[in-house]
Amino acid sequence: MNSDIRVRFAPSPTGLLHIGGLRTALYNYLFARHHGGTFVLRIEDTDRARYVEEAEQDILESLAWAGLHPDEGPAVISTDEKTSDADATGGEAKNVSRIDYDADAAKGQRPGDTGLGYKGTFGPYHQSKRRERYAAFAQQLIDAGHAYYAYDSVEEIEKMREQLRTPENQNPKYDPQTRMQMRNSLTLSEQEIQELLEEGAEYVVRLKVPGGETVQFDDMVRGSVSFDTDGLDDQVLLKADGMPTYHLATVVDDHEMKITHVIRGEEWLSSAPKHILLYRYLGWEPPAMAHLPLIMSPGGGKLSKRKAEEEGIPVNVRDYRIGHYERDAVVNFLALLGWSPGDDRELLALEEMAEEFTLERVGKSGAIFDFKKLMWFNEHYLRERSDDELAEELMALISERGLPGYDSLESLSEAQKALAGDRKYLSGMVRLLKERVSRLPEFLESGAFFFEAPKEYNEKAVKKGWKDDTPVRITAYRDRISGLNDGDFRAYGLKQILTEIIEAEGIGFGKLMMPLRVAVTGTGSGPDLFETMELLGRDEVVHRLDAAIAKLG
RNA sequence: GCCGCGUUCGUCUAGGGGUCUAGGACGCCGCCCUUUCACGGCGGUAGCACGGGUUCGAAUCCCGUACGCGGUACCA
């Protein structure tokens, strides 16, 4: 299946990729895949002041992590093993033949480019590299009388706003009503303009919005939407620094890149009519538009960095990467935040989602980010993975960060290093802990006792289970198991021995079980104790029992 | 303030005039399983914002109100 459908994800490199941005990217990706179209990545770096050096790299890495590989756009710089096999859509092969290196990018002129290539033939995919185009179209608009030069300083504009501000009009606009009082090419004489130019005065180019018109368009999510042009302002098209604003740049690029469907967040709905006007004045056919509902914070309002942090919700995709969240879980969860396949299915692979995805099934109202549900997805996908695979990832995690309480691999003891490098041991640990952790790093926290004898014992568990006669019984158990051969130190046998002791003593199972658990793991809860002891091994278990008796008396 | 968009269980949603005494999932509660904690299984709790219409019949269509959200920059 193939089609001319082209969509784009066009983030601004003003910060780390936001989780909401990832959802927008995801919906674009799914739409493209569903229709056999093309998914374009474009970097909207027209704001010099807010440019963040590391942002673009983060965007590329985050998309790669999520498995949303653009068909066109700046090339991904580094992909680790996990992300390189992440593309299950088969889009990769198609792209290779299309790689078309952008000359400018190869020179590495801008920070953030680092000499990267681009793939795709509609580049460059950085707006900062397309300045001449915007200027040319701005000029075209001026020539046609749909735009004009404005020389007002920000102070002058602010002054106008203050003077005109009333309770009914709290935010006066630069618009058909006010523009004739301002300093622009509509109000100044030829000579005055000439003088300003000679002085080298700064200017912007503004869109001349018509008065008394209604701009109507059909949004693929919302249906018919209409705005009165009287509510629009004379949007700045070209800024004083020569850079275009979002509005001009996005319209020009979407047209030049042959974007057929603009799928973006609802925060853009209000500016859509300006874009429609621009398409009209430029003589272009506007693309279909779809404005997605916003992702909301549990406390209300758009999920912002601040709000999210207050709620304990990671907001940057990088946080999810670093936190070793399951990417399938994050993607699945995000997909369902505003979209549903129409039936009761909740667990969907990327390919399934692509198959089912349509904009008709996207909801209209904002969706609150439910972190608990995300964790449910995370647990699900975590448990779907094999013990060996998870063990492998844990091994990498440990060599990268050490263990909880230790800040690096170097700070670990030789014994710990040996365990951390033992695939079989790690895999066994994963098997025992898999059902009780939510995220990969938690294996190391919940399973701390697999790397180290307990330094302290959980107070509540001790109080509850460690009685005066406990040491005697633990000792009895210890003596029985210490005599076992390595090959006999197995869960089944260990349980047998315990059963024999409690029967001989005429006590309940838990009477010995609880203190034993405390002695071995330091806690009152956890995975099957006998399996745990088997994995730890005879010497270690005996050692721990001795230590517990010594410490707890 | 103005403009725009929205409103089904606490949350994500199914539902597009009768099949809805509104279905699923997360959460929460209970029971079962069980050496603990979990996993799992079973069951339960809980919702069509409100008011008018239209219609034989409305969660579904229309209008209004309320509430929420977005926009209102030489930011995207």
Side-chain angles (χ1 to χ4, degrees), chain A residues 10-15 44-47 49-50 150 152-154 157-158 161 165-174 202-206 219 221-223 225-228 230-233 235-241 243-247 249-250 264-273 291 293-294 296 298 300-302 333 336-347 361 363-377 379 383 433-437 446 461 464-465 495 498 502 508-514 516-518 521 523-530:
Chain A
S12 176
T14 52
E44 309 227 325
D45 54 350
T46 55
D47 188 343
R50 292 206 304 155
D152 320 272
S153 66
V154 286
I157 293 170
E158 189 40 46
R161 289 210 171 97
R165 187 165 287 143
T166 62
E168 297 76 45
N169 186 183
Q170 292 190 3
N171 221 338
K173 296 181 296 293
Y174 202 118
E202 290 202 330
Y203 65 87
V204 300
V205 173
R206 283 181 182 273
D219 188 279
V221 167
R222 280 144 220 290
V225 178
S226 64
F227 290 82
D228 202 320
D230 290 335
L232 271 32
D233 64 347
Q235 184 65 56
V236 169
L237 264 18
L238 230 44
K239 299 185 267 192
D241 65 2
M243 277 289 195
T245 55
Y246 168 85
H247 308 281
T250 202
R264 81 242 282 194
E266 194 193 332
E267 68 266 32
W268 296 110
L269 188 58
S270 305
S271 41
H291 290 92
L294 262 22
M296 317 282 278
K302 184 159 75 164
F333 169 72
L336 262 26
L337 224 48
W339 172 81
S340 92
D343 51 36
D344 288 344
R345 282 176 298 166
E346 298 257 12
L347 296 164
R361 298 216 56 82
K364 302 184 207 319
S365 46
I368 294 174
F369 193 104
D370 183 355
F371 191 70
K372 280 189 171 164
K373 186 146 191 182
L374 201 215
M375 292 318 286
W376 176 76
F377 277 109
E379 289 158 5
R383 284 160 200 160
L433 255 24
K434 209 175 179 179
E435 310 291 287
R436 42 205 108 213
V437 300
S446 302
K464 196 176 160 201
K495 186 171 183 178
L498 184 128
I502 62 159
F509 210 71
K511 197 94 198 267
L512 184 47
M513 194 69 188
M514 180 63 92
L516 207 48
R517 178 182 290 285
V518 173
T521 70
T523 71
S525 64
D528 184 279
L529 221 212
F530 304 106

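If you're wondering where the values come from, they're calculated on a predicted model, not measured in any experiment. Here is how names work: the chains are called A, B, and so on, in the same order as the sequence lines, proteins then strands, and each is numbered from 1.
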S.K.: With sugar-phosphate meaning primed atoms plus P, OP1 and OP2, does A:T250 contact a base, only sugar-phosphate, or nothing at under 4.0 Å between heavy atoms?
M.R.: nothing
S.K.: Among all residues two or more places apart in sequence or in another chain, which pass the ring pair (Phe, Tyr, Trp, His ring centres under 6.0 Å) test with A:F377?
M.R.: none
S.K.: I want to confirm an ordering. Mapping A:F333 and A:G526 to their closest nucleotides on RNA chain B, which one lands closer to the 5' end?
M.R.: A:F333
S.K.: Which listed nucleotide (B:C37, B:C12, B:G1) is nearest to the side chain of A:Q170?
M.R.: B:G1
S.K.: Counting side-chain heavy atoms from CB outward, which of B:G1, B:A25, B:G4 is closest to A:W376?
M.R.: B:A25
S.K.: Regarding A:G524, tell me which of base, sugar-phosphate or nothing describes its non-hydrogen contacts under 4.0 Å with the strands shown.
M.R.: base
S.K.: Going by atom types only, do A:T523 and A:T521 share a side-chain donor-acceptor pair under 3.5 Å?
M.R.: yes
S.K.: Rounded to the Å, how far apart are A:L347 CG and B:G24 C1'?
M.R.: 12 Å
S.K.: Return yes if the base of B:G40 and the side-chain atoms of A:E435 contain a donor-acceptor N/O pair under 3.5 Å, otherwise no.
M.R.: no
S.K.: Which is true for A:G508 with a 4.0 Å heavy-atom rule: it touches a base, it touches only sugar-phosphate, or it touches nothing?
M.R.: nothing
S.K.: Would you please name every residue forming a side chain to side chain contact (heavy atoms under 4.5 Å, CB included) with A:W268, sequence neighbours left out?
M.R.: A:Y246, A:R264, A:S271, A:H291
S.K.: Look at all strands and tell whether A:G342 reaches a base, only sugar-phosphate, or nothing, counting heavy atoms closer than 4.0 Å.
M.R.: sugar-phosphate
S.K.: Report, as a single string ordered 5' to 3', how protein heavy atoms within less than 4.0 Å touch nucleotides 70-76 of chain B: B base, S sugar-phosphate only, - not at all.
M.R.: BSSSBBB
S.K.: Nearest to the A:I368 side chain among B:U8, B:U11, B:C37, which nucleotide is it?
M.R.: B:U11
